[in-house]
Structure formats: C-alpha cells, structure tokens
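Throughout, a chain's letter reflects where its sequence line sits, starting with A, and its residues are numbered from 1.
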Amino acid sequence: MVQITNVLVPALCTAVLVACVGMLVYILPSLCFFIPFRWEEERYTDGVKWKFLEHKGPVFAPPYEPLPSNVKFYYDGKHMKLSPGAEEVATFFAKMLDHEYTTKDVFRKNFFKDWRKEMTSEEKSKLTDLNKCDFSEMSEYFKAQSEARKAMTKEEKLENERLLQEYGFCIMDNHKERIANFRIEPPGLFRGRGDHPKMGMLKRRIRPEDIIINCSKDSKYPKPPPGTKWKEVRHDNKVTWLVSWTENIQGSIKYIMLNPSSRIKGEKDWQKYEMARRLKKCVDRIRAQYREDWKSKEMRIRQRAVALYFIDKLALRAGNEKEEGETADTVGCCSLRVEHLTLHQEMDGQEYVVEFDFLGKDSIRYYNKVPVEKRVFKNLQLFMEDKEPEDDLFDRLNTSILNKHLQELMDGLTAKVFRTYNASITLQQQLNELTSFICTVYNVPAKILSYNRANRAVAILCNHQRAPPKTFEKSMQNLQTKIDAKKEQLADAKRELKSAKADAKVRRDEKSKKAVESKKKAVQRIEEQLMKLEVQATDREENKQIALGTSKLNYLDPRISVAWCKKFGIPIEKIYNKTQREKFAWAIDMAEKDYEF
DNA sequence: GCCCATACTTAGAACAGCGAAG
DNA sequence: CTTCGCTGTTCTAAGTATGGGC
C-alpha cells in the first residue's frame with residue numbers, strides 16, 4: 001500500500017522543485033507555497049503535516065545493573081550496602097564525581113534531597129550528610145568499565161547499528177525517513193546551564209507508561225515492551241512528533257522527531273529562509289518606521305521601537321518572560337533589566353555609547369559597547385529614570401506585544417526572523433568583500449579562510465561562543481613548531497634551487513636543466529604547504545572562543561554557501577561535512593552560482 | 001490582557017572515533 | 001602498535017512562538 005522511497009535526497013528535492021514551480025506561479029501571497037502539483041503527495045493545507053506515519057516507537061534506556069559486591073560505598077568511613085533504588089541514584093553522582101558540578105552547593109543540596117527520597121527509611125536515618133559519603137570506589141569502577149568498553153566496541157557497534165536499523169527510521173507519507181533521537185533519555189542528575197536552581201535534581205527513568213505514541217490510524221502501531229502499556233496512542237497529523245513524554249524537572253514535554261535531513265524539517269528550514277528574504281525586501285520600510293516611532297508620544301511605542309532597533313542592529317533574541325527561580329537568570333531583548341545597561345554620554349572618543357552586559361541563552365555572557373543614535377540614547381535615559389537596577393527596562397513591552405506589531409508590519413514576521421535575516425545578509429556581504437581580494441583562482445585554502453572569516457563575522461554578531469578548547473595553547477604551539485620547520489625546509493629548497501641554477505649555467509645540458517625545473521617545483525610545493533599551515537594558524541587563533549557551527553547550521557541560508565562554492569569552484573565538501581550536506585540537500589540541489597539571498 | 005500548555009528551533013558540551021604522529 | 005588531537009556526532013537543555021481558556 002505504502003511505497004517507500006529509500007533514496008531520500010531525490011525524493012526531497014523533487015518535492016522542493018515542485019514547490020519551486022509553485023512559487024513562481026503564485027508569487028508567495030503567504031507562506032502556503034507548497035502547492036499540490038503533479039504528485040499525489042500534496043503539500044497539505046490547514047496545519048496537516050502528514051497523512052501516513054508508521055514507526056517502531058522509542059528505545060528505552062538499558063535497565064539498571066546493580067554493582068558487583070566488591071564495589072563498595074562508604075559512609076563516614078564505614079562500608080554500607082545500599083538498597084537497589086538508593087544505589088542506582090548514588091551511581092549517577094559517582095559518575096559525575098570528576099565534574100565541577102558536584103562541588104557546587106546547589107547541586108549537592110538538590111541531589112541529596114532527591115537521593116533521600118529513594119532511600120529506605122533505615123538508609124534515610126543513617127545517611128544524613130553528603131560530605132560523609134564516599135563514592136570513590138564506584139567512580140573508579142565506572143572509569144574502568146568505560147575503558148573496558150572501548151576495547152569491545154565492535155560488538156557494541158554492531159548492536160548500535162541493529163538498533164538504528166530497527167528503530168532509527170520511520171515512514172512518513174511515501175518516504176523512509178531518519179529519526180533524530182529515537183533513544184529515550186536515560187535517568188541521571190539534571191545538569192542545567194549556568195546558575196541553575198535545579199542542578200543536581202534526579203531526572204527519573206522514563207517507562208512505557210509515560211510515553212505517548214503518535215502515528216497514523218492505519219499504520220502498524222509500535223509495541224510496548226512485554227508486560228507494559230503505553231500511556232496513550234494518538235493519531236494527530238497536525239504535529240510532526242512521533243513520541244512524547246513529560247520530563248520531571250521542569251514538567252515540560254519532550255519529543256522524538258525526525259532528522260534534519262527529512263522532508264518535513266527541510267521544507268520548514270527552507271520556509272524560514274524564504275521568510276528572511278521577504279524581510280529583506282521590506283526591512284528599509286520597517287527601519288524607517290521604528291525610527292519614526294522613537295519620537296512617539298506613547299511610551300509603549302517608543303519602547304517597542306527601541307527594542308526592535310536592538311533586535312535588528314545587534315541581533316538580540318526576543319527575550320520571553322521566564323518563571324523566576326525555575327531556571328537560570330538569563331534575559332533577551334524584551335526582558336532586559338536596567339542593571340544590564342550602562343549609558344555613557346561619551347566613551348573612547350564616541351558619543352552615546354550603550355554598554356551591554358547580561359547573560360543570554362545558555363548563560364552565555366553578552367558584552368558589547370555600542371554607539372547608538374542620540375534619540376535612542378535619550379529614550380533609554382527616559383526608560384531608566386526612577387527605576388531600580390532589577391526593574392525591567394521595557395516595562396510596557398513583552399515578546400507577544402512586539403510580535404503582534406511585527407505581524408502587522410509583515411505577514412509572518414517575528415523577532416527571530418531578524419536574526420536569520422541579519423546573519424544571512426552578513427554572510428553574503430562578507431563573502432563578496434573578502435573573496436574579491438583573492439585574485440589567484442586556485443588558492444583554495446585562502447578562499448576557505450575567507451569563508452570562515454565571513455562565518456565568524458556572523459558568529460560574533462549572534463554571540464555564538466564556546467569555551468576555549470582545553471588543549472588550545474598546546475596545539476597552537478605545535479602548529480607554530482611545524483611552521484618554523486617548514487620555513488627552514490623552504491630556505492633549504494631555495495638554496496638548492498640557486499645552486500642548481502648556477503650549475504645549469506655552467507654545464508648547459510639537459511640533465512641540469514631538468515634538475516632546475518624539479519627544484520623549482522619543490523620550492524613551489526613547500527611554499528604552498530607553508531601557506532596552508534599559516535592560514536590554518538590564523539584561522540585557529542581567530543576561532544579560539546567563537547563557535548561557527550551554530551550559525552552555519554541555523555542562521556545562514558545554505559544557498560549562499562552553495563552558490564559561492566559554485567562560483568569559485570570550491571568543492572562543497574570543503575564547506576559542509578556529510579551530515580550538513582544531508583541537511584542542506586535541498587539547497588545544494590537548488591542554488592545556482594548566481595543565487596542571491 | 002494574562003496564563004498555561006504545546007510544539008518546534010536553537011544551543012554548547014560531552015562523547016566517539018579516526019587519522020597522523022611518535 | 002599506541003597516543004594525541006581534532007572533527008563529526010550525539011545529547012538534551014534552553015530558547016521562541018502560538019493559541020486556547022479565562
């Protein structure tokens with residue numbers, strides 16, 4: 001009944017091409033540009049995401065295996081045999097012993113509280129102080145275990161492959177698609193980012209009874225493990241998830257969804273960039289509008305306009321409200337507080353400088369000194385008047401008000417579209433600027449460096465940071481050593497070339513001429529190698545604290561990169577690895593060398 | 001307008017595995 | 001053959017956005 005296309009990429013591309021034709025015909029009245037066309041597999045309207053969905057359900061975490069009796073736990077220096085429930089939770093802590101987390105007060109407190117809940121009443125009365133607990137034997141045991149596992153990876157790999165084949169795919173409409181996360185998250189201790197009030201809490205084990213299955217009525221339903229039941233099997237084709245459950249730390253819902261290479265994700269991704277391109281067409285109008293609004297007599301409109309200016313100019317996130325005390329204290333644009341900004345009438349020779357200092361998503365620090373227009377500056381002074389540091393900067397604004405306004409300016413526009421738009425347009429502009437310098441047609445490494453620099457400009461704009469790799473200094477030194485050695489080698493080769501030339505001048509025979517030629521080539525080759533190394537060093541140094549991956553994966557219209565590769569004869573493999581090529585298959589297929597964002 | 005639930009995207013860290021160097 | 005260092009992959013937390021009920 002259902003035909004399965006095993007070749008995923010052409011299937012997706014056909015869908016995309018079909019829709020492309022549709023776009024030309026319909027000139028995008030809204031975002032319904034997946035128009036039924038030629039194929040029986042239509043692009044659905046009114047929120048329907050699929051017609052047929054069949055899958056095998058999730059893979060559960062392996063059951064707990066009690067510790068061998070020689071691995072002991074000590075309390076106050078004395079051996080103590082733990083009940084299975086308490087022991088399992090203890091192993092979660094033991095596995096993290098080397099991590100800084102386990103030294104943090106909040107983490108220890110939360111862990112101990114949740115651990116005690118799993119203890120027998122006897123254990124509860126004995127174990128009253130976490131500081132007296134000695135998990136070191138457990139910790140050593142797990143280290144040894146993971147060493148042992150490395151040695152027998154072959155079997156494990158085979159088992160993983162089997163699981164992937166059985167559970168890693170589903171059928172959505174006529175295609176076999178890869179599932180992103182078909183394994184249920186194993187139990188453990190919650191690790192929040194930054195100063196999270198819930199760090200260390202017990203993340204409980206998920207059982208079949210917690211699981212909601214979503215699939216089509218006429219599909220073969222996934223079977224729960226023997227002796228168990230699903231919480232529910234439903235058939236909701238207005239959503240894309242296959243499996244969901246409620247997590248116990250925040251009470252939020254978790255989902256199993258498809259891989260980025262799937263049709264459903266690919267189309268959504270494409271739509272996202274089309275939306276950003278629509279913003280490009282009207283961004284001048286919107287900018288003119290918010291500049292006008294800086295002068296409004298209504299405070300709420302001024303606040304909205306200044307916030308939008310920040311979102312546009314600085315690529316800030318929208319900044320939804322968060323429940324206090326439930327998560328780390330982080331903010332975005334609309335939730336900025338007075339304490340996050342310092343106004344400088346004059347700073348470093350510039351007028352009207354705003355100094356931002358706050359923690360954003362994932363508790364990554366945003367620090368920036370930005371000269372702004374006088375009117376913005378005056379407005380900020382006004383917003384901050386008579387407020388305490390912990391008061392909201394934009395007290396008449398939130399993300400829902402802002403997005404409602406944006407919706408009126410352009411159909412489908414939301415705050416996050418500005419980030420996508422500004423990221424992609426920056427890449428395109430930077431590529432144009434940086435690449436035009438390079439005259440040598442064949443200098444691929446230099447072009448890649450330029451690409452990385454353009455990518456980096458975006459990452460800096462979006463504040464995508466990473467912890468500098470632990471081995472950074474050392475690896476930098478190693479590279480420098482290599483460069484020095486290469487330089488010496490080059491000097492030697494040049495010397496040899498010189499003497500070969502002198503030799504040829506005297507002898508004037510074929511053999512010595514040939515020797516000169518080969519020496520020349522050697523010098524050239526070494527020069528190329530040297531340049532490659534130097535480029536690598538520059539690239540790495542500049543990348544120390546910047547993460548390029550996030551913008552590449554989520555903000556940069558892949559068609560820009562594909563077109564750039566085609567234009568300069570760079571193999572796409574130099575820019576996108578295999579996974580990325582799968583995710584961006586639609587763009588690789590679609591974009592020609594003259595594509596413009 | 002506000003609150004809550006839901007669904008989906010975006011994010012950095014941890015981990016695994018592979019190729020080059022020793 | 002082993003170790004090292006880097007790249008690609010996996011993991012799951014933390015955002016954005018919307019819509020329904022009051």
Side-chain angles (χ1 to χ4, degrees), chain A residues 47 49 96 98-101 146 149-150 153 156-157 160 164 180-186 188 190-194 196 198-199 203 212 214 236 238-241 244 246-247 249-260 264-265 268-269 271-272 311 317-323 326-328 330-335 359-364 398-404 406-407 412-420 423 459 462-467 469-472 474-476 478-479 481-482 536 540 545-555 576-582:
Chain A
K49 306 284 169 56
M96 293 177 77
D98 285 338
H99 203 288
E100 207 210 323
Y101 271 117
S146 73
R149 211 168 330 121
K150 270 178 205 152
T153 42
E156 212 167 74
K157 247 172 150 181
N160 275 343
L164 173 67
N181 54 328
F182 57 89
R183 289 167 200 274
I184 298 276
E185 296 169 18
F190 177 75
R191 310 148 84 118
R193 309 270 173 95
H196 198 117
K198 299 196 173 184
M199 63 168 78
K203 200 168 102 164
I212 302 174
N214 193 33
D236 183 355
K238 303 234 166 123
V239 296
T240 67
W241 54 266
S244 76
T246 301
E247 152 272 342
I249 304 287
Q250 323 268 2
S252 66
I253 308 170
K254 300 245 180 175
Y255 303 94
I256 292 183
M257 291 186 189
L258 296 194
N259 199 66
I264 206 147
K265 295 287 184 194
K268 198 80 189 295
D269 206 35
Q271 276 186 41
K272 176 180 75 185
I311 284 171
R317 295 185 186 84
N320 283 326
E321 296 105 300
K322 305 170 73 183
E323 212 174 332
E326 293 292 299
T327 61
T330 63
V331 296
C333 184
C334 293
S335 50
L359 297 181
K361 181 176 178 180
D362 292 321
S363 294
I364 298 291
N398 60 40
T399 53
S400 121
I401 296 172
L402 179 65
N403 279 333
K404 263 180 202 132
L406 293 175
Q407 194 64 240
L413 187 61
T414 63
K416 88 187 186 83
V417 179
F418 282 87
R419 247 167 106 81
T420 313
C462 295
N463 199 40
H464 292 143
Q465 295 189 35
R466 61 167 185 177
K470 286 188 189 83
T471 53
F472 185 83
K474 208 173 134 203
S475 86
M476 232 25 221
N478 288 348
L479 194 56
T481 314
K482 267 194 200 167
Q536 206 185 347
R540 201 182 293 172
Q545 303 197 58
I546 315 255
L548 298 186
T550 306
S551 50
K552 202 174 188 178
L553 234 45
N554 301 300
Y555 288 102
Y576 291 138
N577 66 34
K578 185 166 145 284
T579 315
Q580 296 169 158
R581 291 199 299 278
E582 279 166 11

Which of these nucleotides, dG12(B), dT18(C), dC8(B), is closest to any side-chain atom of Asp362(A)?
dG12(B)
Which residue, Phe190(A) or Gln580(A), contacts DNA chain C at a nucleotide closer to its 5' end, judged by nearest heavy atom?
Gln580(A)
Which nucleotide in dT9(B), dC8(B), dT9(C) has an atom nearest any side-chain atom of Val239(A)
dC8(B)
Nucleotide of dT12(C), dT16(C), dG15(C) approaching Lys416(A) most closely (side-chain heavy atoms):
dT16(C)
Contact check, side chains of Met96(A) and Arg191(A), non-hydrogen atoms, under 4.5 Å:
yes
The nucleotide from dA7(B), dG12(B), dG15(C) with an atom nearest the side chain of Trp241(A) is dA7(B)
Would you mind classifying the nucleic acid contact of Ala328(A) as base, sugar-phosphate or nothing, using non-hydrogen atoms under 4.0 angstrom?
nothing
Against the side chain of Tyr255(A), the closest entry in dT12(C), dC8(B), dG8(C) is dC8(B)
Are any of Asn403(A)'s side-chain N or O atoms less than 4.0 Å away from OP1 or OP2 of dA17(C)?
yes
Under 4.0 Å, heavy atoms only, any strand: does Ser252(A) hit a base, just the sugar-phosphate, or nothing?
nothing
Nearest-neighbour nucleotide for the Ala318(A) side chain, dT18(C), dA7(B), dT16(C) considered
dT16(C)
Once you round it to whole Å, what is the distance between P of dT12(C) and NZ of Lys198(A)?
18 Å
Under a 4.0 Å threshold between the charged nitrogen and the carboxylate oxygen, would Lys322(A) count as salt-bridged to Glu326(A)?
no
Which class fits the ring pair Trp241(A) and Tyr255(A): parallel under 30°, tilted 30 to 60°, perpendicular over 60°?
tilted
For a quick check of understanding: with a heavy-atom distance under 4.0 Å over all strands, which category does Lys265(A) fall into, base, sugar-phosphate or nothing?
sugar-phosphate
Touch check for Thr240(A), heavy atoms < 4.0 angstrom, all strands: base, sugar-phosphate only, or nothing?
sugar-phosphate
NZ of Lys578(A) to CZ of Arg581(A): how many Å apart, nearest 0.5 Å?
8.0 Å
With Tyr576(A), which residues qualify under ring-ring contact (aromatic ring centres under 6.0 Å, His included), at least two apart?
Phe584(A)
Any N/O donor-acceptor pair, Lys361(A) side-chain to dT10(B) base, under 3.5 Å:
yes
How many whole angstroms separate atom CD1 of Ile256(A) from atom P of dC8(B)?
14 Å
Ala467(A) near the nucleic acid: base, sugar-phosphate alone, or nothing, with a heavy-atom cut-off under 4.0 Å?
sugar-phosphate
Expressed in angstrom and rounded to an integer, what is the separation of Tyr555(A) atom OH from dG15(C) atom P?
12 Å
Which nucleotide in dT9(C), dA7(B), dA13(C) has an atom nearest any side-chain atom of Lys254(A)
dA13(C)
For Glu247(A), answer base if it contacts any base atom (sugar-phosphate contacts may also be present), sugar-phosphate if it contacts only those atoms, and nothing otherwise; contact means non-hydrogen atoms under 4.0 Å.
nothing
More 5' along DNA chain B: Met257(A) or His99(A), using each one's nearest nucleotide?
Met257(A)
Glu185(A) with Lys203(A): basic N within carboxylate O range, under 4.0 Å:
yes
Counting only side-chain nitrogens and oxygens, does Lys49(A) get under 4.0 Å of the OP1 or OP2 atom of dA7(B)?
no
In whole angstrom, what separates Gln545(A)'s CD from dG12(B)'s P?
13 Å
Report which part of the nucleic acid Gly549(A) touches: base, sugar-phosphate, or nothing (heavy-atom distance under 4.0 Å, all strands).
nothing
May I have the distance from Arg193(A) (atom CZ) to dT12(C) (atom P), rounded to whole angstrom?
11 Å
Return the nearest nucleotide to the side chain of Lys322(A); candidates are dG15(C), dT10(B), dA14(C).
dG15(C)
It should be established whether Lys272(A) places a side-chain nitrogen or oxygen under 4.0 Å from OP1 or OP2 of nucleotide dC8(B).
no
Toward the 5' end of DNA chain B, by each residue's nearest nucleotide, Asn398(A) or Lys238(A)
Asn398(A)
Between Gly192(A) and Val417(A), who's closer to the 5' end of DNA chain C by nearest nucleotide?
Gly192(A)
To the nearest angstrom, the CG-P distance between Leu548(A) and dA11(B) comes to 13 Å
Heavy atoms from C-beta onward define the side chain here; which of dT9(C), dA7(B), dG15(C) lies closest to that of Ile253(A)?
dA7(B)
Could you please name the option among dT10(B), dC8(B), dT9(C) that lies closest to any side-chain atom of Thr579(A)?
dT9(C)
What contact category does Leu553(A) fall into here, base, sugar-phosphate, or nothing, at under 4.0 angstrom with non-hydrogen atoms?
nothing
Whole-Å distance between dG8(C) P and Asn577(A) CG?
5 Å
Beyond-backbone contact of Asn398(A) with Glu321(A), side-chain heavy atoms, under 4.5 angstrom
yes
